[in-house]
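Below is one structure; the comments refer to it alone.
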Amino acid sequence: MKKIFMFIAFSFSGGILFSQDLHYSMYTMAPLTLNPALCGNFTGDMRVINNYRTQWNTISKPYTTYSFGIDAPLPKKDKKKSSPDFFAVGFNVNVDKAGSTSLKNNLFNGIFSYNKSFDGTGASFFSFGFQIGAVQRSIMMNGQKWDTQWDNVNFVYDPTAPNGETLTPNDHYLFFDYGTGVAFTTVKNARFKMSTGLSVSHLSKPEIDFIGSKDKLYMKFAAHWNAEIALGENSNAWLIPSLLFVRQGPAMMINAGLGVKYQLTERSHYTNYQSAKFLSIGGMYRLGDAASGYIRLDIGPVGAAFNYDMNVSQLTVASRGIGALEFMLIYTGIYHDVNTRDASRSFF
């Protein structure tokens with residue numbers, strides 16, 4: 001039975017799919033789980049992000065992941081200074097729950113970033129980020145059935161029989177974890193935006209098992225790139241390509257995406273009567289595992305998105321092709337005059 005626990009622990013946060021950590025197909029819409037250097041990389045004064053994923057609903061107890069994040073650029077002491085450089089802070093919570101044993105990861109991360117302008121105008125930035133987190137892992141043993149509890153003679157199940165495991169009914173433990181990252185973001189103009197970065201997670205390589213085998217979590221290395229490219233000089237549409245590469249020990253994940261963003265209405269230039277509206281539609285492919293499609297609607301400071309995964313791997317036999325459903329809700333607040341706000345944060 002110990003081997004079962006080792007399998008569950010491996011498949012818990014990334015599934016049988018190529019990674020031990022939680023992940024989202026809409027990774028560009030979960031920036032604080034992707035790279036701490038992306039903290040503060042947005043247009044506005046505060047950003048609040050909610051992500052939810054439910055995976056493998058064809059099994060009795062689907063895997064679920066929920067993330068909540070909030071980040072904001074720190075106000076400058078001297079607003080008269082012309083330098084667009086800024087610091088930003090954030091907080092991110094991830095709750096990952098798997099299977100009938102309710103194997104759960106609760107992650108609480110504090111994030112800090114420094115953003116240095118390349119050109120002095122805020123059109124291009126190099127960002128460095130660091131995060132420190134507390135992680136609680138737990139497992140519920142109540143109600144589980146084990147082969148040692150079956151009478152092989154009479155073929156009956158005895159729940160009072162010992163299961164042969166050393167775990168208590170509500171095992172849990174706590175550890176601290178660290179990560180860092182760098183990013184480069186450029187906003188040449190409204191027709192072209194680009195962001196790329198590298199991040200390293202689990203610098204502490206914490207122990208992650210319940211049975212004392214001293215298994216450690218591999219460090220995770222991620223490289224990401226995404227852009228918005230106008231389809232014409234006067235077009236109201238943008239092409240949205242993206243690419244993510246993740247390596248964690250022997251596991252690897254490659255996720256490529258392509259979408260189109262279309263401006264439905266413009267913001268009122270002199271009043272707040274009408275908010276800008278954008279519609280984005282696209283798809284992603286996770287190499288060897290799943291294909292997905294998403295739709296996103298942005299109305300002023302609020303954005304909402306939905307994504308559907310379809311399995312294309314050998315797991316299709318069990319999942320019947322139903323991979324995951326994802327939902328995202330984002331709010332970006334601007335609390336001072338939009339015409340005089342710092343243009344250095346004209347990011348995605």
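This chain uses plain numbering: 1 for the first residue, then up along the sequence.
Linking Ile, Leu, Val, Met, Phe, Trp and Tyr whenever their side-chain heavy atoms come within less than 4.5 Å leaves Leu174 and Phe91 in two separate clusters. Hydrophobic cluster membership differs between Ile240 and Met284, with clusters built from Ile, Leu, Val, Met, Phe, Trp and Tyr side chains linked at under 4.5 angstrom. Taking hydrophobic clusters as Ile, Leu, Val, Met, Phe, Trp and Tyr residues chained together by side-chain heavy-atom distances below 4.5 Å, Ile111 does not share a cluster with Val200.
Panel note: side chain Thr196, backbone His224; a donor-acceptor pair is recorded below 3.5 Å. Judged by distance alone, the side chain of Arg191 and the main-chain N or O of Gly232 form a donor-acceptor pair under 3.5 Å. Judged by distance alone, with hydrogens and angles left aside, the side-chain atoms of Thr180 form a donor-acceptor pair with the main-chain N or O of Gly129 at under 3.5 Å. The main-chain N or O of Asn50 is never found under 3.5 Å from a side-chain atom of Tyr66 such that the two would form a donor-acceptor pair. Proximity of a side-chain donor or acceptor of Glu326 to a complementary backbone N or O of Met26 within less than 3.5 Å is detected. One N or O on the side chain of Asn51 and one on the backbone of Met29 form a donor-acceptor pair closer than 3.5 Å.
Under the 4.5 Å side-chain criterion, counting only non-hydrogen atoms from C-beta, Phe68 is in contact with Val48. You'll find the side chain of Leu74 reaches within 4.5 Å of the side chain of Val89, heavy atoms only. Side-chain contact check for Met328 versus Tyr294: every heavy-atom pair is 4.5 Å or farther apart. Between Lys216 and His202, the closest side-chain pair of non-hydrogen atoms is not below 4.5 Å. In this structure, the side chains of Met194 and Trp225 come closer than 4.5 Å at one or more pairs of heavy atoms. Looking at Pro36 and Phe130, their side chains never come closer than 4.5 Å, going by heavy atoms from C-beta outward. In this structure, Arg53 and Asp309 have side chains that are in contact, with non-hydrogen atoms separated by less than 4.5 Å. Residues Gln131 and Leu107 have side chains not in contact (no heavy-atom distance under 4.5 Å, counting atoms from C-beta outward).
Here the shortest heavy-atom pairing between Gly133 and Asn109 reads CA-OD1, 3.2 Å. Considering all non-hydrogen atoms of both residues, Tyr27 and Asn255 come closest at OH-O, 3.5 Å. Closest approach of Ala72 to Phe42, counting heavy atoms only: CA-CZ, 4.2 Å. Nearest heavy-atom pair, Ser25 versus Asn307, reported as atom, atom and distance to 0.1 Å: CB-ND2, 3.6 Å. Between Leu244 and Ala222, the closest heavy-atom pair is CD1-CB, 4.5 Å. Of all the heavy atoms in Ser117 and Asp85, the pair that sits closest is N-OD1, 2.9 Å.
In this structure, the separation between CG on Leu198 and CZ on Phe221 is 10.5 Å, given to the nearest 0.5 Å. In this structure, CG on Leu38 lies 4.5 Å from CG on Asn35, to the nearest 0.5 angstrom. Expressed to the nearest 0.5 Å, how far OG of Ser242 lies from CG of Leu258 amounts to 8.0 Å. Distance check: Lys97 NZ to Tyr63 OH gives 13.0 Å after rounding to the nearest 0.5 Å. Summarising the geometry, atom CG belonging to Asp298 is positioned 7.5 Å from atom CZ belonging to Phe278; distances are rounded to the nearest 0.5 Å. Separating the NZ atom in Lys261 from the CG atom in Asn236 is a distance of 11.5 Å, to the nearest 0.5 Å.
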- request: Begin from the C-alpha positions of Gln263 and Trp238 and carry the test side-chain contact (heavy atoms from CB on, under 4.5 Å) through to its verdict.
  value: CA-CA 9 Å; Gln263 185 173 18; Trp238 290 260; 3.9 Å; yes
side-chain contact (heavy atoms from CB on, under 4.5 Å) between Asn105 and Asn94, intermediate numbers included: CA-CA 8 Å; Asn105 270 1; Asn94 299 291; over 6 Å; no
Asp71 vs Ser113, side-chain contact (heavy atoms from CB on, under 4.5 Å): CA-CA, chis, key distance, verdict: CA-CA 10 Å; Asp71 62 329; Ser113 72; over 6 Å; no
task: Start with the C-alpha distance between Ser199 and Lys220, add both sets of side-chain angles, then the distance that settles side-chain contact (heavy atoms from CB on, under 4.5 Å), and finish with yes or no.
output: CA-CA 8 Å; Ser199 66; Lys220 182 176 72 173; over 6 Å; no
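For Phe184 and Phe126, the ring centers sit 6.0 Å or farther from each other.
Judged purely by distance below 3.5 Å, without hydrogens or angles, the side chains of Thr28 and Asn226 never pair a donor atom with an acceptor atom. Residues Ser292 and Arg286 have side chains that never bring a donor and an acceptor to within less than 3.5 angstrom of each other. A donor atom on one side chain and an acceptor atom on the other are found under 3.5 Å apart for Asp177 and Ser204.
A perpendicular orientation is assigned to the rings of Phe86 and Phe125, their planes being inclined by more than 60° (bins at 30° and 60°). A tilted orientation is assigned to the rings of Phe327 and Phe306, their planes being inclined by 30° to 60°.
Shown are Leu32, Asp96, Thr33; of these, the side-chain contact (heavy atoms from CB on, under 4.5 Å) with Ser67 is made only by Thr33.
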